[in-house]
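Below, chain A is the first sequence line, B the second, and so on; all start at residue 1. Because the structure is predicted, anything quoted here is derived from the model rather than measured.
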There are 2 protein chains.
Amino acid sequence: MEHPTKRERTTAALVHAALDLFERGGYEQTTVGEIARAAGVTEMTFFRHFPTKEAVLLDDPYDPELIAAVGARPASEPPFLRAARGVRGAWRSLPEPETPVIRRRIRIIALTPSLRGAMWRSTGNTERALVEQLVADGAAPAVARVAAASVLAALVSGLYAWAEAPDGSLAEAIELALDVIDVRP
Amino acid sequence: MEHPTKRERTTAALVHAALDLFERGGYEQTTVGEIARAAGVTEMTFFRHFPTKEAVLLDDPYDPELIAAVGARPASEPPFLRAARGVRGAWRSLPEPETPVIRRRIRIIALTPSLRGAMWRSTGNTERALVEQLVADGAAPAVARVAAASVLAALVSGLYAWAEAPDGSLAEAIELALDVIDVRP
DNA sequence: CCTTGAATGTTAGTCGCTAACATTTGTGAT
DNA sequence: ATCACAAATGTTAGCGACTAACATTCAAGG
C-alpha cells in the first residue's frame, strides 16, 4: 500500500466522489456521469471499476474474511454459535480507521429503499457462502441455512442501527446485535 | 366483471404475454417492447398499466385484503397470533382459479435474483402496513415489528417452496409454513 | 529510452423509463 | 342511434444505466 497503483487511486477517487455526491444530493438523483466527472474521469471508466452504480457502495471486500473467520472456529461448535461468533470476531478485528467510511456507506444505504433491496441481495450471496462453509464442516443443511440467515439478519440490523445513531464503536454495535441471538454458555 | 372494461382487458393481455415470454426466454432477456408487441400494444401503453417491468409480476392486489383480514381478528389476541392467523385466513379464502397464475409468477420470481430483491422490497411495504395495523389496535411497536416480519418471512418462504414443488394446494402450503411459527393453543 | 500492457477515452447503441402532445376509441346521456 | 366527452392509446423525444468495439494515452520494467 506504499505505492498505490493508478487503478487503486482512481477507484478511491470514485468512491470518495460518490459518497460526497450521494450525501449531498441523494443516491437516485446523482448520476454516474457526475461521479465520474467529480473524480476527474469518464463515465466509461466508472464502469471499468464498478460493475454497477450500487457496487460503489455494496462492493465490500469483507465477505471472504467473514467466511474465513467462521471457518476458523472449531467445527465442534454448533453451527449457530459458530456462525455468530465467527462473524463477531471478523468485525472485531476490523481496522478502526475504516469505520467512518463504512458508516457513510451504510447510512446512504439505509435511507435509499432501492439500495436496501440491493443490500438484501448482496447479503443473500454472503448467506450462501456461509451455508456452504458450515455444511462443508458437517452441519445439516437445514440447520446451516437457519443459522446463516438469522446471524446475517442480526448483523445487518446492527449495522443499520449503528449507522443511524452510533452510540459506540462499530464492533460494539455488532456485538450488541449478535448478543440477542447468541446464547452464552 | 361481466363487462371487463378495455383497460382491464389490455392489462390482462399484458400479464398473459409477460408470463409467457418470461417463462420462455427469462425475465432479464425479455424486453418490455416485446411484451407490449405480443399484447398488441405499444411499449408506452405497458407503462401506463404498470409503473415498472417488475410490477407486472409483483403488483398483487392481495395486500389490502391481507391487512383487512388481520384487522378483522379480535384485537384481544396477541399480535403474533393475530398476524399469523389473519394471513392464514386471507390466503385460505383465495379463489382457487387464481392460483395457477400466482404459481407462474412466483416461479419466475424465485429463479430471478433481481426479482427476489424486488419481492423483498415489496414485502417490506406489506410489513409496514401490517405493523401499522397491529399498532393501531394497541400492540407495542417492537412486538408488532417482530410479528409482522416473521409472519411475512414464513409466508414468502412457503410461497417459494410451493412454487418449486407444489405437493398440495397453495392454501395448504401457506398453512404449513405458518404452522412452523404459530403456537396452537 | 523504449517497449509493452494496463488504464482511459470515444463513439455508438440497447433497455428501462418519463414527458408532452396528438389521436383514436369506447361510453353515457340524449 | 348519435354525439360529445373522457379514457385509452400512439408518437416523438429524451434521460440515465449499462455494454461493446476500437483508438489512445499512460506507466512501469528491461
Side-chain angles (χ1 to χ4, degrees), chain A residues 1-22 24-59 108-109 112-119 121-122, chain B residues 1-22 24-59 108-109 112-119 121-122:
Chain A
M1 317 224 166
E2 281 298 350
H3 295 290
T5 167
K6 170 147 209 195
R7 174 164 247 276
E8 289 166 339
R9 257 179 289 133
T10 24
T11 299
L14 283 169
V15 171
H16 184 266
L19 288 178
D20 274 4
L21 292 173
F22 289 163
R24 199 178 310 276
Y27 174 82
E28 315 268 14
Q29 288 68 40
T30 303
T31 273
V32 171
E34 291 170 357
I35 299 172
R37 232 186 28 190
V41 107
T42 288
E43 184 179 341
M44 190 66 257
T45 295
F46 177 96
F47 287 108
R48 287 223 179 77
H49 288 254
F50 302 97
T52 64
K53 185 184 175 185
E54 310 168 346
V56 81
L57 291 171
L58 296 173
D59 239 32
I108 296 165
I109 293 171
T112 308
S114 74
L115 285 177
R116 277 183 173 254
M119 177 77 153
R121 203 155 22 106
S122 163
Chain B
M1 317 226 165
E2 281 298 351
H3 295 289
T5 166
K6 169 147 211 195
R7 174 163 248 275
E8 289 166 337
R9 257 179 288 131
T10 27
T11 299
L14 284 169
V15 170
H16 185 267
L19 288 178
D20 274 4
L21 292 173
F22 289 163
R24 199 177 311 274
Y27 174 83
E28 315 268 13
Q29 288 69 38
T30 303
T31 274
V32 171
E34 292 170 357
I35 299 172
R37 233 186 28 191
V41 107
T42 289
E43 183 179 342
M44 189 67 255
T45 295
F46 177 96
F47 288 108
R48 287 224 178 77
H49 288 254
F50 302 97
T52 65
K53 185 184 175 185
E54 310 168 346
V56 80
L57 291 170
L58 297 173
D59 236 33
I108 296 166
I109 293 170
T112 309
S114 74
L115 285 177
R116 276 182 175 254
M119 178 76 152
R121 203 154 22 103
S122 163

Nucleotide [N], atom [atom2] - distance to [atom1] of [X] in whole Å:
{"X": "B/Q29", "N": "D/dC18", "atom1": "CD", "atom2": "C1'", "result": "15 Å"}
{"X": "A/F46", "N": "D/dA17", "atom1": "CZ", "atom2": "P", "result": "9 Å"}
{"X": "B/L57", "N": "C/dG16", "atom1": "CG", "atom2": "P", "result": "13 Å"}
{"X": "A/F47", "N": "D/dA21", "atom1": "CZ", "atom2": "C1'", "result": "17 Å"}
{"X": "B/R9", "N": "D/dT9", "atom1": "CZ", "atom2": "C1'", "result": "14 Å"}
{"X": "A/R7", "N": "C/dA7", "atom1": "CZ", "atom2": "P", "result": "5 Å"}
{"X": "B/E8", "N": "D/dT9", "atom1": "CD", "atom2": "P", "result": "12 Å"}

Phosphate contact ([N] OP1 or OP2) by [X] side-chain N/O below 4.0 Å:
{"X": "A/H49", "N": "C/dT8", "answer": "yes"}
{"X": "B/T52", "N": "C/dG16", "answer": "no"}
{"X": "A/T5", "N": "D/dA27", "answer": "no"}

B/I109 side chain near B/L58 side chain, heavy-atom distance below 4.5 Å:
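The answer is yes, as the side chains (C-beta and beyond) meet within the 4.5 Å cut-off.
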Listed by chain and number, what are the side chain to side chain contact (heavy atoms under 4.5 Å, CB included) partners of [X], not counting sequence neighbours?
{"X": "A/F50", "answer": "A/T11, A/L14, A/V15, A/F46, A/A55, A/V56, A/D59"}
{"X": "A/A17", "answer": "A/I35, A/A38, A/A39"}
{"X": "B/T10", "answer": "B/V41, B/H49"}

For A/R37, look at atom CZ and say whether over 12 heavy atoms of other residues, nucleotides or ligands are found less than 6.0 Å away.
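Atom CZ in A/R37 is not packed in, count stays at 12 or less.
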Can you check nucleotides 10-16 of chain D for protein contacts, nitrogen or oxygen pairs under 3.5 Å, and list what you find?
from, atom 1, to, atom 2, distance (Å)
D/dG10, OP2, B/T42, N, 2.8
D/dG10, OP2, B/T42, OG1, 3.2
D/dG10, OP2, B/T45, OG1, 2.6
D/dG10, O5', B/T42, OG1, 3.3
D/dG10, N7, B/R48, NH1, 3.3
D/dG10, O6, B/R48, NH2, 2.4

Would you list the atom pairs, donor with acceptor, under 3.5 Å between side chains in residues 24-33 of chain A and any protein atom, with sequence neighbours excluded?
from, atom 1, to, atom 2, distance (Å)
A/Y27, OH, A/E54, N, 3.3
A/E28, OE2, A/S114, OG, 3.2
A/T30, OG1, A/L21, O, 3.4
A/T30, OG1, A/G26, O, 2.7

